[in-house]
Amino acid sequence: MKYLSCILLVLFTFQIQAQEQISLDTCYQLVTQNYPLVKQTELLEAQNKLESAVISTSKLPKIDLDAYATYQSEVIEFPVAMSGVEPLNKDQYRATVTVNQLIYNGGATTAALDLKSAQLKTKQKQIEVQLYQPKLQINQLYFSILLAQESDALLKAKHTLLEAKLKEIQSGIKNGSVLPSSDNVLEAELLKVDQQSKAVNSNKKTLIETLSTLITFPLDPSIVFETPIVVHDIQHQISRPELDVFQLKKDEIENSENLISKQNAPKLLGFATGGYGNPGLNILDNSFQPFYTVGLKLNWNVFDWNANKKQRESLSITKDIIENETEIFKLNTNIELNKQQDEINKIEDFISSDKQIVILRETVLQTAASQLQNGVITASAYLIELTNLYEDEQTLAAHKIQLELAKANYNIIKGQ
């Protein structure tokens with residue numbers, strides 16, 4: 001997976017450098033690969049392997065080494081009739097090695113491994129949930145950059161129009177058809193437009209740097225951000241990873257119930273003990289001697305005061321709580337979707353009226369331009385109409401971008 005991520009990152013780099021532009025989907029993919037939180041996926045897998053390996057050791061032989069030396073104040077004494085038997089030593093020594101091998105434990109080991117696997121899936125899905133917040137941040141930054149990009153384009157268009165109009169005015173002044181100093185008003189406005197353009201580009205540069213940090217990918221200030229046409233389906237079929245987390249938590253509970261049900265199962269072990277000591281198994285022999293024992297051991301907790309049953313009942317309640325949390329999450333998400341849809345509808349209405357306003361402003365500006373050229377109005381009066389048109393075009397552009405932002409946020413909330 002790590003190598004695949006590196007390959008994809010290189011491909012993205014070549015694609016962005018070749019096109020000198022970037023899309024919203026590419027930003028989503030980059031943050032999914034590069035966000036520091038993603039590293040936890042590999043860490044969780046490594047941790048799960050270690051913990052599973054520990055659980056699996058229950059299937060392996062257990063080897064114990066014991067050694068002791070003692071001195072007893074008394075030992076067994078034999079009757080005089082057994083005077084041929086040497087009295088036991090009060091100092092005794094023994095070293096043993098015991099091997100225990102689990103033969104049967106009712107499948108508890110397998111159940112424990114299944115539980116660990118379920119817990120890993122839940123944790124990994126929770127990481128996916130946490131990656132939703134950066135996506136919402138990407139939306140805000142990306143569309144703010146688009147707005148700055150559009151503002152800069154409008155300012156350049158305004159600048160070009162002012163330059164053309166300035167040449168006409170200067171020509172009119174020479175011909176005496178336009179009042180002197182009218183060109184000063186346009187020159188001042190050109191300087192003002194330059195200032196606005198610098199401010200917009202400075203803000204855009206800051207936004208790009210912030211986005212670049214968020215997606216952990218270098219972005220040149222000159223890169224072009226594609227304007228996405230976001231498609232959203234108003235059918236509220238939520239597909240958020242949180243729903244998967246709730247389901248995985250319920251799977252965890254089922255695995256926990258399975259493990260608990262096997263905890264009271266009988267456990268059968270085989271054992272073998274070998275040792276060397278004085279005395280050995282024959283306590284009448286006062287000498288160091290080797291010895292061994294082999295056998296089977298059965299352990300079965302027949303009655304646990306209903307502890308096992310109560311644990312499973314508690315897990316059942318936890319499952320009901322998760323079910324309730326799922327319903328609450330769906331309810332709150334649908335409320336957010338409804339709010340976002342209302343926002344989309346409102347902006348669409350704004351855009352419809354914005355277009356009509358711009359058409360009317362363009363007509364007024366054309367009339368003002370003609371009047372300025374003929375000396376009927378001053379340059380200041382013309383600038384008022386030009387500024388009105390620019391502001392309304394800016395409003396229209398802003399609403400269009402806000403509409404795509406609202407749609408993108410709708411899709412993120414829904415889980416697309």
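None of the values given here were measured: they were computed from a predicted structure.
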Leu315 to Ser256 - nearest heavy-atom pair and separation: CD1-CB, 3.7 Å
Could you tabulate the donor-acceptor pairs under 3.5 Å formed by side-chain atoms of residues 142-151, not counting sequence neighbours?
residue: Tyr142; atom: OH; partner: Ile22; partner atom: O; Å: 3.0
residue: Tyr142; atom: OH; partner: Leu24; partner atom: N; Å: 3.4
residue: Tyr142; atom: OH; partner: Glu226; partner atom: N; Å: 3.2
residue: Tyr142; atom: OH; partner: Glu226; partner atom: O; Å: 2.6
residue: Ser144; atom: OG; partner: Gln140; partner atom: O; Å: 2.6
residue: Gln149; atom: OE1; partner: Phe225; partner atom: N; Å: 3.2
residue: Gln149; atom: NE2; partner: Phe225; partner atom: O; Å: 3.0
residue: Ser151; atom: OG; partner: Leu147; partner atom: O; Å: 2.9
residue: Ser151; atom: OG; partner: Gln394; partner atom: OE1; Å: 3.3
residue: Ser151; atom: OG; partner: Gln394; partner atom: NE2; Å: 2.5

Thr122-Glu252 side chain donor-acceptor pair, cut-off 3.5 Å: yes
Neighbour count >12 (heavy atoms, 6.0 Å) for atom CD, Glu327: yes
Side chain Asn255, main chain Asp251, donor-acceptor under 3.5 Å: yes
Gln263 backbone acceptor or donor facing Lys267 side chain under 3.5 Å: yes
Side-chain donor-acceptor contact under 3.5 Å, Tyr28 with Asn139: yes
Side-chain ion pair, Asp342 and Lys346, N-O less than 4.0 Å: no
Lys319, NZ atom: more than 12 neighbouring heavy atoms under 6.0 Å: yes
Side-chain heavy-atom pair Gln247, Asp244 within 4.5 angstrom cut-off: no
SB check Glu313 Lys310 (cutoff 4.0 Å): no
Close side-chain approach of Lys339 to Glu336, heavy-atom, < 4.5 Å: yes
Side-chain donor-acceptor contacts of residues 380-391 below 3.5 Å, not counting sequence neighbours, with atom names and distances?
residue: Thr387; atom: OG1; partner: Leu383; partner atom: O; Å: 2.8
residue: Asn388; atom: ND2; partner: Ile384; partner atom: O; Å: 3.2

Side chains of Tyr93 and Asp91, donor plus acceptor under 3.5 Å: yes
Short side-chain to backbone donor-acceptor contact, Thr57 and Val54, under 3.5 Å: yes
Full working for side chain to side chain contact (heavy atoms under 4.5 Å, CB included) between Leu186 and Leu190: CA-CA 6 Å; Leu186 295 181; Leu190 279 170; 5.6 Å; no
Student check: side-chain heavy atoms of Ile413 and Arg240 closer than 4.5 Å: yes
Flag for Asp220-Ser222: side-chain donor and acceptor within less than 3.5 Å: yes
Pairwise ring-ring contact (aromatic ring centres under 6.0 Å, His included) hits with a residue in residues 197-216, at least two apart: none
Derivation and outcome, salt bridge (Lys or Arg N to Asp or Glu O under 4.0 Å), residues Arg312 and Glu257: CA-CA 6 Å; Arg312 282 181 286 165; Glu257 290 174 336; over 6 Å; no
Val231 backbone acceptor or donor facing Asn411 side chain under 3.5 Å: yes
ring-ring contact (aromatic ring centres under 6.0 Å, His included) contacts in which one or both residues fall within residues 339-358, not counting sequence neighbours: Phe350-His399
Flag for Asp349-Ser353: side-chain donor and acceptor within less than 3.5 Å: no
Polar side chain donor-acceptor pair, Gln340 to His232, under 3.5 angstrom: no
Test item: side-chain donor near acceptor, Glu45 and Gln124, under 3.5 Å: yes
Side chain to side chain, Val185 and Thr378, heavy atoms closer than 4.5 Å: no
Close side-chain approach of Leu405 to Val230, heavy-atom, < 4.5 Å: no
Test side chain to side chain contact (heavy atoms under 4.5 Å, CB included) applied to Ile208 and Lys204, step by step: CA-CA 6 Å; Ile208 291 176; Lys204 179 184 174 184; 3.9 Å; yes
Ionic contact status for Glu393 with Lys158, cut-off 4.0 Å: no
Partner of Ile357 by side-chain contact (heavy atoms from CB on, under 4.5 Å), out of Leu396, Asp392, Thr395: Asp392
Arg94 vs Thr96 side-chain heavy atoms within contact, under 4.5 Å: yes
Pair Thr367-Ser370, side-chain donor/acceptor within less than 3.5 Å: no
Side-chain touch Ile215/Ile138, heavy atoms, less than 4.5 angstrom: yes
Atom NZ of Lys62: over 12 foreign heavy atoms under 6.0 Å: yes
Crowding at NZ, Lys90 (>12 non-hydrogen neighbours, <6.0 Å): yes
Polar contact flag, side-chain donor to acceptor under 3.5 angstrom, Asn201-Asp152: yes
Over 12 non-hydrogen atoms of neighbours within 6.0 angstrom of CZ in Phe288: yes
Audit row: Glu348, Leu403, side chain to side chain contact (heavy atoms under 4.5 Å, CB included) steps and yes/no: CA-CA 7 Å; Glu348 286 177 340; Leu403 177 61; 3.7 Å; yes
Side chain Thr160, main chain Lys156, donor-acceptor under 3.5 Å: yes
Polar side-chain atom of Ser239 near backbone of Gly415 as donor-acceptor pair, under 3.5 Å: yes
Lys262 and Asn105: CA distance, side-chain angles, deciding distance, side chain to side chain contact (heavy atoms under 4.5 Å, CB included) verdict: CA-CA 8 Å; Lys262 297 180 182 300; Asn105 67 348; over 6 Å; no
Derivation of the side chain to side chain donor-acceptor pair (under 3.5 Å) call for Asp114 and Asn258: CA-CA 9 Å; Asp114 290 341; Asn258 185 39; 5.0 Å; no
Given Lys249, Lys250, Lys330, the one that forms salt bridge (Lys or Arg N to Asp or Glu O under 4.0 Å) with Glu323: Lys250
Phe303: partners by ring-ring contact (aromatic ring centres under 6.0 Å, His included), with sequence neighbours left out: Trp305
Polar side-chain atom of Ser56 near backbone of Ser52 as donor-acceptor pair, under 3.5 Å: yes
Main-chain N/O of Ser212 paired to Thr216 side chain as donor or acceptor, under 3.5 Å: no
Sub-4.5 Å side-chain heavy-atom contact between Phe271 and Val294: no
side-chain contact (heavy atoms from CB on, under 4.5 Å), paired with Val193, selected from His159, Lys198, Glu163: His159
Set of residues satisfying side-chain hydrogen bond (donor to acceptor under 3.5 Å, both in side chains) with respect to Lys125, sequence neighbours excluded: Glu128
Mutual orientation of the aromatic rings belonging to Phe246 and Phe329 [parallel < 30°, tilted 30-60°, perpendicular > 60°]: perpendicular
